[in-house]
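FYI, the numbering just counts along the sequence from 1. Being a predicted model, the structure only gives us computed values, none of them experimental.
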Amino acid sequence: MVSSNHYSIESLFHCLSPPSLYSQKFSNMALNEQQKQRRETLEKLRSMGIDPYPAEEYPISGSSNELKKQFEADKEAKIEVSFAGRIMVRRIMGKASFVSLQDESGRIQAYFNRDEICPGEDKSMYNEVFKRYLDIGDIIGVKGHMFATQTGEISIHVTSFDILCKSLNPLPMPKEVDGKVYDAFTDPEARYRMRYVDLIVNPSVRDTFVKRTKIINTMRRFMEDQNWLEVETPILQSIPGGAAARPFITHHNALDIPLYLRIANELYLKRLIVGGFEGVFEFARDFRNEGMDRTHNPEFTVMELYVAYKDYHWMMDTTETMLRTICNAVLGSHKVVVGENEIDFGKPFRRLPIFDAIKEYTGHDLNGKSEDEVRAIAKELNVEVDDSMGLGKLIDEIFGEKCEPNLVQPTFIMDYPVEMSPLTKKHRENPNLTERFELIINTKEIANCYSELNDPIDQRERFEEQAKLLERGDDEAMFIDQDFLRALEYGMPPTSGIGIGIDRLVMLLTNNDSIQEVLFFPQMRPEKVEQPDSNDKFEAIGVPTEWIEHLKESGFITVARLQAEESAGKLSQQLNGYRKKNKLDIPALSPQLVESWLAS
């Protein structure tokens, strides 16, 4: 059970490291007590001739998991080991102590004995360095042998150790009391901004990113086994094509031309199909200058695949097989629990035409309806629309708001109208529709597929319709790509193409409902840098002049932060403790005086 008491970004600014979290111009701000103490320790280590940041290699015998398995295989052998990890727990007990060391694979306990660490007269390596100068968060290397404690815990009996990196900022370590966890590092903003801290103190986060890599690797192997070629295409593009989205714009100084970060890699991959490759794929970083929410980040990862002589029916079968393979490889099952739902990749995916889906969930049949009629229906359904939206966009808005939230099990939504799919081949039986599907799982789009349009004349007409939408103010309509049209005129074989959203697939298979949870470094709003108040503001609430700088050194850089404290008695004790520890020649503070500051 996790309590509501947790680290927020504001509290971390206060207790972690203002110089590293604030902008460079605040690098000279006062450090808090723990930061000061760690920097003093740093100098003491150096004065003893110990380099707290050594350059030489530190060979290790294996990971914590590997060492445990090795010991389990032969408990009688005295296995000498060398290991490195970050200190996460310290239990000092006089001449003997225990430390929990964490590496990438987990934690292992290390046992320190003073007389074995320091067999001679000089005990400073244990009494000074180990007991006084090491902190939680420091990275050390240990040498010794494996053994099991009386409680059966596999541990390293340390005979020597080295400091590999001195940590200057305290970690936000949770505390467990009576089964309740306090001070857990759970504040989303703090976790996303400082993913490095998040990965250290929240092991489950690391598991998410390990699974992400396994998902991508399994998908890559699946396609390589079909002899399809992985390729790379441009990120900087002169025309942002391949999708209906608002691009990021930049400028190339040497050529003096505008360039766009790609919104999709589709048109370049289809150029390669024209060039004679019959199966190509790319794991691409795409960029869209649109909104940010729990399922959208401005840059994201997509896998696009194009295979010649195939259609969208074949791609449905292939996609089912691929996702089933990935699910089994990563989770060991064809089922995954997502929130309150169990998603079953083992069953055949439902195949549902989009007009049938809209009729099923709204009662309206949009097939054959005009733009004005569909706009009126959207308004009747309380779907927000505007005059810049064409027929395709209107249908998309209705489907997204009224149908997608009902689609939990894997469902291929297929046969989209021509107006929604400017790059898709017309349906073989109904020229008003296209051979396209979107895969919806757990109410979110995971993949988008076409039987690709290879008629250059039809493609030009579709682009021209998109250009009219641009003129009407739709900034997500497509540009005309003349070079792509020229490529089609040389002839592209019948082709099926699909784009799979990697981030959303990872969200699904790791049971995360936010895209920020599956990106190491999601895009964030700029940090708000809190500037210190002038001394006049502190004096105005009654703070004695001689105490102002010491308040700021204690982390109270603004009056607002000071007045956010709830207990005058607790605050006066804290500040008087600071005064005593630093031997300040200034008057002590009474609870009554501090109370007057908070009440001002």
Side-chain angles (χ1 to χ4, degrees), residues 2-3 5-22 26-46 50 52-53 84-92 97-103 107 110 128-140 161 163-177 181-203 205-206 527 529-530 550-557 561 564-565 570-571 573-575 577-578 580-582:
V2 178
S3 77
N5 185 11
H6 60 265
Y7 282 95
S8 66
I9 192 73
E10 291 82 4
S11 65
L12 280 164
F13 283 164
H14 176 61
C15 76
L16 257 181
S17 177
S20 62
L21 294 175
Y22 294 164
F26 293 108
S27 61
N28 294 323
M29 287 178 57
L31 305 174
N32 65 39
E33 282 300 293
Q34 291 190 63
Q35 292 168 324
K36 283 183 178 180
Q37 183 179 0
R38 290 187 181 218
R39 282 160 176 78
E40 290 169 1
T41 297
L42 191 70
E43 294 310 313
K44 290 176 180 177
L45 288 169
R46 285 176 169 149
I50 297 173
Y53 305 104
R86 188 184 297 273
I87 298 174
M88 301 302 289
V89 178
R90 297 176 73 220
R91 295 193 298 277
I92 307 297
S97 302
F98 289 92
V99 165
S100 178
L101 296 176
Q102 178 172 290
D103 69 352
R107 294 187 185 185
E128 299 294 322
V129 177
F130 176 77
K131 292 179 68 175
R132 297 178 58 189
Y133 299 159
L134 288 185
D135 294 291
I136 288 177
D138 291 350
I139 299 172
I140 65 172
F161 72 94
I163 297 176
L164 304 181
C165 181
K166 180 65 185 172
S167 172
L168 300 183
N169 288 333
L171 289 171
M173 297 298 294
K175 304 174 184 65
E176 185 170 339
V177 180
V181 177
Y182 295 88
D183 294 333
F185 188 51
T186 58
D187 180 79
E189 183 180 355
R191 290 181 51 241
Y192 303 155
R193 288 194 190 281
M194 296 182 290
R195 183 68 84 186
Y196 38 89
V197 176
D198 189 28
L199 290 166
I200 293 171
V201 302
N202 292 322
V205 174
R206 185 178 301 165
E527 288 185 31
V529 178
E530 190 175 20
H550 300 299
L551 280 176
K552 291 181 178 180
E553 288 181 3
S554 298
F556 299 106
I557 63 173
R561 181 176 286 187
E565 294 293 310
K570 183 177 179 181
L571 180 57
Q573 288 180 359
Q574 175 186 338
L575 294 174
Y578 174 90
K580 181 178 180 181
K581 182 175 182 180
N582 291 278

Is there a donor-acceptor pair under 3.5 Å between the side chain of [X] and the backbone N or O of [Y]?
X    : Y    : value
R46  : P52  : no
E33  : Y578 : no
N202 : V205 : no
R86  : G137 : yes
R90  : L134 : yes

Euclidean distance, [Y] [atom2] relative to [X] [atom1], rounded to 0.5 Å:
X    : Y    : atom1 : atom2 : answer
F556 : L571 : CZ    : CG    : 5.0 Å
R191 : L199 : CZ    : CG    : 9.0 Å
R561 : L551 : CZ    : CG    : 12.0 Å
Q37  : R132 : CD    : CZ    : 9.5 Å

Side chain to side chain contact (heavy atoms under 4.5 Å, CB included) evaluation trace for V89 with V99: CA-CA 6 Å; V89 178; V99 165; over 6 Å; no
Atom of [X], atom of [Y] and distance for their closest heavy-atom approach:
X    : Y    : answer
I92  : K131 : CG2-CE, 3.7 Å
P172 : V201 : O-CG1, 4.2 Å
R38  : N169 : NH1-O, 3.5 Å
I136 : M173 : CG2-CG, 4.1 Å
L101 : G85  : CD2-O, 4.0 Å
S167 : D138 : N-OD1, 2.9 Å

Side chain to side chain contact (heavy atoms under 4.5 Å, CB included) evaluation trace for M88 with L171: CA-CA 9 Å; M88 301 302 289; L171 289 171; 4.2 Å; yes
Note, F185 side chain near I200 side chain (heavy atom, < 4.5 Å): no
Minimum side-chain heavy-atom gap Y53-L42 below 4.5 Å: yes
Partner residues of E40 under the salt bridge (Lys or Arg N to Asp or Glu O under 4.0 Å) criterion, sequence neighbours left out: none
Derivation and outcome, side chain to side chain contact (heavy atoms under 4.5 Å, CB included), residues Q35 and L168: CA-CA 6 Å; Q35 292 168 324; L168 300 183; over 6 Å; no
Intermediate values then yes/no, side chain to side chain contact (heavy atoms under 4.5 Å, CB included), E553 and K36: CA-CA 10 Å; E553 288 181 3; K36 283 183 178 180; 3.3 Å; yes
Results of side chain to side chain donor-acceptor pair (under 3.5 Å) for D135 - residues two or more places apart only: K166
Set of residues satisfying side chain to side chain donor-acceptor pair (under 3.5 Å) with respect to T41, sequence neighbours excluded: none
